[in-house]
Amino acid sequence: MSALLLPALAVLCVLLGLRARMDVYAAFVRGAQEGLRTLAGMCPYLAAILTVTALWRQTGLTDALTALLSPLLSAAGLPRETAGVVLLRPLSGSAAMAAARDVLLTVGADSRAGRLACVICGASETVFFTGALYLGEAKAGSGRYAVPAALLAYAAGVLAAAALV
């Protein structure tokens, strides 16, 4: 049933457009053109954040920050194994998922660290990634207040997860 939902919705949109005597194909092409313009506007931001994420992982900066921040994270109730997830999640969802996978392979899915890594990945947002896309596309110019507020909310969520898991 669910496999038919999207095609049925597309057919319904075409039929409603024809009923309203619209040029459905021209409207579709205009929408595709706007989508391509949006994508072209987002590409520099995507390239920047993906480059930073790759540099963090490939240069060993994540491991160095994990070692440096371990005492602070332990004091906050976060197991050392979850540090990579905590550090990478604001940058990239896929990098954080890879770090969570490493946690699950290292300590197991039933461990506190494994559960916590999954909760952090599932209940938080990639602050810099989505911020770069939305602020860049909206031509907001500066994330002066938005990014720090989002990072503060992220930190509160991680600490709440550490207290509850």
Side-chain angles (χ1 to χ4, degrees), residues 1-3 5-6 9 31-32 34-165:
M1 178 67 182
S2 63
L5 186 61
L6 192 56
L9 185 60
E34 183 62 32
L36 286 174
R37 278 193 289 276
T38 301
L39 179 63
M42 291 185 327
C43 279
Y45 300 97
L46 281 170
I49 202 68
L50 291 174
T51 301
V52 168
T53 303
L55 286 173
W56 270 56
R57 293 217 48 172
Q58 299 302 318
T59 61
L61 184 59
T62 304
D63 296 333
L65 285 173
T66 297
L68 182 69
L69 296 176
S70 256
L72 180 65
L73 295 174
S74 293
L78 294 159
R80 176 176 167 69
E81 297 86 6
T82 60
V85 177
V86 172
L87 292 172
L88 288 170
R89 184 63 182 166
L91 290 171
S92 167
S94 59
M97 292 297 269
R101 180 182 179 274
D102 292 344
V103 171
L104 294 175
L105 291 174
T106 303
V107 296
D110 291 334
S111 67
R112 180 171 183 274
R115 291 191 312 270
L116 187 57
C118 291
V119 168
I120 291 169
C121 280
S124 61
E125 184 56 77
T126 53
V127 173
F128 291 107
F129 186 79
T130 54
L133 292 181
Y134 292 140
L135 293 172
E137 187 53 35
K139 309 288 188 274
S142 169
R144 181 175 178 190
Y145 300 110
V147 173
L151 286 173
L152 186 62
Y154 172 71
V158 168
L159 292 174
L164 297 173
V165 172

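When the shell of 6.0 Å around CG of Leu6 is examined, it contains 12 or fewer heavy atoms from other residues, nucleotides or ligands.
Looking at every heavy atom in both residues, Cys121 comes nearest to Ala100 through SG-CB, 3.9 Å. Heavy atoms only, all atoms of each residue included: Ala76 and Leu159 are closest at CB-CD2, 3.6 Å. Heavy-atom minimum distance, Tyr154 versus Val86: OH-O, 2.8 Å. The shortest non-hydrogen separation linking Thr59 to Leu55 is OG1-O, 2.5 Å. Residue Val107 comes nearest to Gly114 through the heavy atom pair CG2-N, 4.2 Å, listed as atom of the first residue, atom of the second, then distance. The shortest non-hydrogen separation linking Ala161 to Val119 is CB-CG1, 3.8 Å.
The backbone N or O of Val85 lies less than 3.5 Å from no partner atom in the side chain of Thr82, so there is not a single donor-acceptor pair. Distance alone, capped at 3.5 Å, is enough to place a donor-acceptor pair between the Arg115 side chain and the Asp110 backbone. Side chain of Arg89 to backbone of Val127: no donor-acceptor contact under 3.5 angstrom is found. Between the side chain of Arg80 and the backbone N or O of Ser74 there is no donor-acceptor pair closer than 3.5 Å.
Side-chain contact between Trp56 and Leu87 is present, with heavy atoms from C-beta onward closer than 4.5 Å.
Between atom CE of residue Met97 and atom SG of residue Cys118 there is a gap of 7.5 Å, rounded to the nearest 0.5 Å. Summarising the geometry, atom CG belonging to Leu78 is positioned 6.0 Å from atom CD1 belonging to Ile120; distances are rounded to the nearest 0.5 Å.
The side-chain contact (heavy atoms from CB on, under 4.5 Å) test with Pro90 is passed by exactly one of Val158, Leu151, Thr126, Val147: Leu151.
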